[in-house]
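Single-structure report; data block below.
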Amino acid sequence: VLATVTNGNVRPLLMEPTVYTRPNQQSALDEAEFVDIAVSELLGGGYIEKVVDIPRVCSPLSVVCNGVGKNKKRLVVNLRHVNQCLWKQKFKYEDLRVALMLFNPDISSAGVWPLLSNLEDPVLRRLAAGLPAIVLSSRADGTTRKYLGAYQRWKRWADARQGVPGFPVQEIHLALYLTH
């Protein structure tokens, strides 16, 4: 965390960006006074520095106005050209939500379901048979579909690997899946 605070969010490049220079967007030209003030503040705060030579990449600036009455202005640097060169970690947040649900020690966790098959009392067995439907109905249909889709993606991945059971999910396998 301290390294990020000190050095910023340093991301590795997959490749060197090509030479790229674009003019500022019309919004930055229309708000030239605001841009001058914002750039001066960034220079004064040490967030940016003035350079003598033309940089390899010179991304365009724009100004976005939002807030009540659109009076809150923000200076934006379009880094689309540089972003194409960054190494990106693929990560599906819906898969993380499913993973958290599977590890959460509530009724939807893997730890409870095996216990249901050990019930001897017929009344408890009948009640237990209805639990999956109750758990599924406690979530919105869209949420259930997302969970099911994410689990099916996990299951396909797990089935394609030796020694990785689809259920219950083991933490090490889930961690490896989330990094693929």
Side-chain angles (χ1 to χ4, degrees), residues 1-20 22 46-48 55-60 62 64 66 74-180:
V1 173
L2 290 176
T4 302
V5 171
T6 304
N7 304 320
N9 187 3
V10 179
R11 306 277 306 272
L13 292 173
L14 286 174
M15 61 187 160
E16 187 77 20
T18 58
V19 174
Y20 178 84
R22 294 293 182 272
Y47 301 108
I48 60 173
R56 180 177 183 84
V57 175
C58 187
S59 297
S62 63
V64 175
N66 53 12
R74 290 194 166 88
L75 184 64
V76 178
V77 180
N78 182 340
L79 295 174
R80 201 172 291 149
H81 182 73
V82 175
N83 286 343
Q84 297 171 26
C85 303
L86 291 175
W87 179 80
K88 296 174 189 83
Q89 175 75 31
K90 292 183 181 179
F91 187 82
K92 298 175 184 152
Y93 287 100
E94 61 200 26
D95 293 344
L96 178 61
R97 285 193 295 270
V98 171
L100 292 175
M101 182 184 78
L102 293 173
F103 290 116
N104 191 354
D106 66 11
I107 190 69
S108 65
S109 75
V112 172
W113 301 112
L115 301 176
L116 299 179
S117 62
N118 296 334
L119 294 173
E120 294 179 20
D121 186 286
V123 173
L124 294 179
R125 287 182 71 85
R126 186 177 48 77
L127 291 172
L131 278 178
I134 292 170
V135 169
L136 287 175
S137 68
S138 71
R139 304 196 189 304
D141 288 343
T143 303
T144 302
R145 277 192 303 276
K146 280 191 176 214
Y147 284 174
L148 179 60
Y151 178 74
Q152 287 170 337
R153 283 191 300 280
W154 152 258
K155 184 85 169 84
R156 281 191 302 272
W157 184 86
D159 289 346
R161 272 109 196 127
Q162 289 183 333
V164 179
F167 196 78
V169 177
Q170 295 178 10
E171 288 90 348
I172 185 63
H173 296 144
L174 178 66
L176 294 170
Y177 169 73
L178 291 174
T179 61
H180 92 282

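These numbers come from a predicted model, not from an experiment.
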Is there side-chain contact between [X] and [Y], with at least one heavy-atom pair below 4.5 Å?
| X | Y | value |
| --- | --- | --- |
| Leu174 | Glu171 | no |
| Gln84 | Leu14 | no |
| Pro55 | Tyr20 | no |

Partner residues of Asp159 under the side-chain hydrogen bond (donor to acceptor under 3.5 Å, both in side chains) criterion, sequence neighbours left out: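 With sequence neighbours excluded, Asp159 shows a side-chain hydrogen bond (donor to acceptor under 3.5 Å, both in side chains) to Lys155, given in chain and number order.
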
With sequence neighbours excluded, what pairs up with Arg22 under the side-chain hydrogen bond (donor to acceptor under 3.5 Å, both in side chains) test?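 Testing Arg22 for side-chain hydrogen bond (donor to acceptor under 3.5 Å, both in side chains), a comparison that skips the adjacent residues, returns none.
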
Sequence-distant partners of His173, ring-ring contact (aromatic ring centres under 6.0 Å, His included), two or more places apart: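 Partners of His173 under the ring-ring contact (aromatic ring centres under 6.0 Å, His included) test: none.
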
Could you tell me which residues satisfy side-chain contact (heavy atoms from CB on, under 4.5 Å) with [X], sequence neighbours excluded, listed by chain and number?
| X | answer |
| --- | --- |
| Arg156 | Gln152, Arg153 |
| Val77 | Ser59, Leu61, Leu79 |
| Arg125 | Leu119 |

Around atom CZ of Arg80, are there more than 12 heavy atoms from other residues, nucleotides or ligands closer than 6.0 Å?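 No, not enclosed.
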
Looking only at heavy atoms, what is the nearest atom pair of [X] and [Y], with distance?
| X | Y | value |
| --- | --- | --- |
| Pro165 | Ala158 | O-CB, 4.2 Å |
| Cys85 | Pro17 | SG-CA, 3.6 Å |
| Arg74 | Asn66 | NH1-OD1, 3.0 Å |

Out of curiosity, Trp157 CH2 to Leu176 CG, how far, rounded to the nearest 0.5 Å?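 Here the interatomic distance stands at 5.5 Å.
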
With sequence neighbours excluded, what pairs up with Glu16 under the salt bridge (charged side-chain N to carboxylate O under 4.0 Å, His left out) test?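 In terms of salt bridge (charged side-chain N to carboxylate O under 4.0 Å, His left out), with neighbours along the sequence ignored, Glu16 is linked to Arg56.
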
